[in-house]
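Scroll down for the structure; my scribbles are underneath it.
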Amino acid sequence: PTDSVKISSLRITNHGEKTRHLSLTSYVEFTLGAEHEQARYQLHTRYDEASGAIFAQNFYAPDFENRVVFSWISEPTTSHTARRDHFIGRNRDLTAPLGLEQDELSGAVGAGYDPCAALRCAITLAPGETRVVIILLGAAATDDEARALIERHGSPAAAAASIGDAITTWDKRLSVITVHTPEPEFD
């Protein structure tokens, strides 16, 4: 588990008797700098057709100029945007973003505005069907390395294995030292 990837796994089950059609939207905000307010207009975002991910880079920050960050969802995307103002909307916030009221996201990417990564997909579930959706947020040195991380961790089985490996690694790391106190609840 040395890859720079955050893995989120969402299990959706249709417990009803009818086929269900769902829309799922993943949203993250990028900073890639010491402070969001300073870095946000320096980021360049793009939609990667090969992987279906939104990539972002900050060419003006020495610590991040050689890094590609990405947001990706395992289902085929139906729309996307990398503009925070397009997703949230004017005079709104994340409790009721405009993007969730729209049938499609704007598709805007580029530089010079407050960036985010919003990816939308459509899911159809038959009665009793379960689907596992994987969402990745990661960083790599190049576009090709980012695509390789998506390939390596993007399937439900690979994501579960990576999460299991991370749990095992942390269990080993944290079990090196044990503490015994007079109060067992502090041990």
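Values reported hereafter were calculated over all heavy atoms of this structure, with side chains retained and with hydrogens, waters and symmetry mates removed.
Under the rule for a side-chain hydrogen bond (donor to acceptor under 3.5 Å, both in side chains), the partners of Thr124 that lie at least two apart in sequence or sit in another chain are His21. Applying the salt bridge (charged side-chain N to carboxylate O under 4.0 Å, His left out) rule to Glu129 yields the partners Arg131; only residues at least two apart in sequence or on another chain are considered. Remark: Tyr47 engages His80 in a ring-ring contact (aromatic ring centres under 6.0 Å, His included) (not counting sequence neighbours). Contacts of Thr81 classified as side-chain hydrogen bond (donor to acceptor under 3.5 Å, both in side chains), with partners at least two apart in sequence or in another chain: Ser106. The side-chain hydrogen bond (donor to acceptor under 3.5 Å, both in side chains) check on Thr13 picks up Thr130, with sequence neighbours excluded. The salt bridge (charged side-chain N to carboxylate O under 4.0 Å, His left out) check on Arg20 picks up nothing, with sequence neighbours excluded. Partners of Asp114 under the salt bridge (charged side-chain N to carboxylate O under 4.0 Å, His left out) rule, at least two apart in sequence or in another chain, are Arg40, Arg84. With sequence neighbours left out, Glu101 forms a salt bridge (charged side-chain N to carboxylate O under 4.0 Å, His left out) with Arg92. For Glu183, there are no side-chain hydrogen bond (donor to acceptor under 3.5 Å, both in side chains) partners at least two apart in sequence or on another chain. Shown here are the ring-ring contact (aromatic ring centres under 6.0 Å, His included) partners of Phe87, two or more places apart in sequence or in another chain: Tyr27.
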For residues 148-160, tabulate all N or O donor-acceptor pairs below 3.5 Å that involve a side-chain atom, not counting sequence neighbours.
residue: Arg152; atom: NE; partner: Asp3; partner atom: OD2; Å: 2.9
residue: Arg152; atom: NH2; partner: Asp3; partner atom: OD2; Å: 3.4
residue: His153; atom: ND1; partner: Ser162; partner atom: OG; Å: 2.7
residue: His153; atom: NE2; partner: Asp3; partner atom: OD2; Å: 2.6
residue: Ser155; atom: OG; partner: Ala158; partner atom: N; Å: 3.0

For residues 63-73, please give each side-chain donor-acceptor pair under 3.5 Å, one per line with the distance, not counting sequence neighbours.
residue: Trp72; atom: NE1; partner: Ser51; partner atom: O; Å: 2.9

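Between Leu136 and Ile7 there is a side-chain heavy-atom pair separated by less than 4.5 Å.
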- Query: Hey, mind stepping through Thr95 and Asp93 against side-chain hydrogen bond (donor to acceptor under 3.5 Å, both in side chains) and telling me if it holds?
  - Reply: CA-CA 6 Å; Thr95 61; Asp93 58 32; 2.4 Å; yes
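With Phe55 as the aromatic partner, Arg46 does not meet the cation-pi criteria of under 6.0 angstrom to the ring centre and within 45 degrees of the ring axis.
Pro115 and Thr45 make their closest contact through CB-CG2, 3.9 Å (heavy atoms, listed as atom of the first residue, atom of the second, distance).
At most 12 non-hydrogen atoms from other residues, nucleotides or ligands lie less than 6.0 angstrom from CG of Asp103.
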